[in-house]
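Just below is one structure, and these are the notes that go with it.
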Amino acid sequence: QVQLVESGGGLVQAGGSLRLSCAASGRTFRNYAMGWFRQAPGKEREFVAGINWSGGSTYYADSVKGRFTISRDNAKNTVYLQMNSLKPEDTAAYSCAATLGITQNSPRAYEYWGQGTQVTVSS
């Protein structure tokens, strides 16, 4: 089992940056593909970015491509989401998720979820 705890959210002006972290418990973190998802009020949860177990493959939603970067440090059991050039439409609760399967953009593919961290981008 994996427990995930996100941190790094907050309030930032448009054009600013934030780095989210997701710390995982357990010694088998390197076995999991990881994803970041977000959910704004009144909207469905959407895929933001994903990374395979080694960090060698990354995937992004079109809306964040070129602005966000996902990475992982298996020695620290942590996955990161660097968010640059933030826009008001990026405002949402961001959650990380883990799967023993391959990286996918469907939330249903992920077995474990963190509690989320709020990101608010002011205009």
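Note that the numbering runs from 1 along the sequence shown for the chain.
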Next item on the list: Find out if a path of hydrophobic residues (ILVMFWY) with successive side-chain heavy-atom gaps under 4.5 Å connects V12 to V64.
Entry: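 The answer is yes; both residues are in one hydrophobic cluster.
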Notebook entry, point to check: Under a 4.5 Å side-chain heavy-atom rule over Ile, Leu, Val, Met, Phe, Trp and Tyr, are V48 and Y60 clustered together?
Noted result: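 In one cluster with V48: Y60, yes.
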Is there a donor-acceptor pair closer than 3.5 Å between any side-chain N or O of [X] and the backbone N or O of [Y]?
X	Y	value
T117	G9	yes
Q118	G10	no
S85	G15	no
S63	A61	no

Margin query: Please determine whether salt bridge (Lys or Arg N to Asp or Glu O under 4.0 Å) holds for the pair K65 and D62, giving the CA-CA distance in whole Å, both sets of side-chain angles, and the decisive distance to 0.1 Å.
Written below: CA-CA 5 Å; K65 203 170 293 184; D62 288 342; 3.1 Å; yes
Closest approach of [X] and [Y], non-hydrogen atoms and distance?
X	Y	value
A14	S123	CB-CA, 4.4 Å
E6	C96	OE2-N, 2.8 Å
Y110	A33	CE2-O, 4.3 Å
L81	A49	CD1-CB, 4.1 Å

Next item on the list: Give a yes or no on this: more than 12 heavy atoms of other residues, nucleotides or ligands lie within 6.0 Å of atom CD of Q115.
Entry: yes
Could you check if a side-chain atom of [X] sits within less than 4.5 angstrom of a side-chain atom of [Y], using non-hydrogen atoms only?
X	Y	answer
L18	V119	yes
D90	R67	yes
M34	W53	no
M83	Y94	yes
Q104	T99	no
F68	L86	yes
E111	V2	no
C22	W36	yes

Interatomic distance, [X] atom [atom1] to [Y] atom [atom2] [nearest 0.5 angstrom]:
X	Y	atom1	atom2	result
R38	E89	CZ	CD	8.0 Å
R30	N74	CZ	CG	5.0 Å
N77	Q3	CG	CD	12.5 Å
S95	L4	OG	CG	9.5 Å

Notebook entry, point to check: Do S122 and Q13 have side-chain atoms, one donor and one acceptor, less than 3.5 Å apart?
Noted result: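 Side-chain D/A pair, S122 to Q13: absent.
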Next item on the list: Return yes if a side-chain donor-acceptor contact under 3.5 Å exists between N84 and S17, otherwise no.
Entry: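 Note: N84 and S17 side chains meet the donor-acceptor criterion.
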Checklist line | Cationic tip of R19 above Y80 ring, under 6.0 Å, 45° of axis | finding: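 That pair qualifies as a cation-pi contact.
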Item checked: Aromatic F29 / basic R72 pairing, under 6.0 angstrom, 45° off normal ->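 Flagged: R72 positioned over aromatic ring of F29.
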Note to self: Checking W113 now: which residues fulfil ring pair (Phe, Tyr, Trp, His ring centres under 6.0 Å) with it, not counting sequence neighbours?
What the structure shows: F37
Next item on the list: Can you spot which of I70, I51, N52 makes a side-chain contact (heavy atoms from CB on, under 4.5 Å) with T103?
Entry: N52
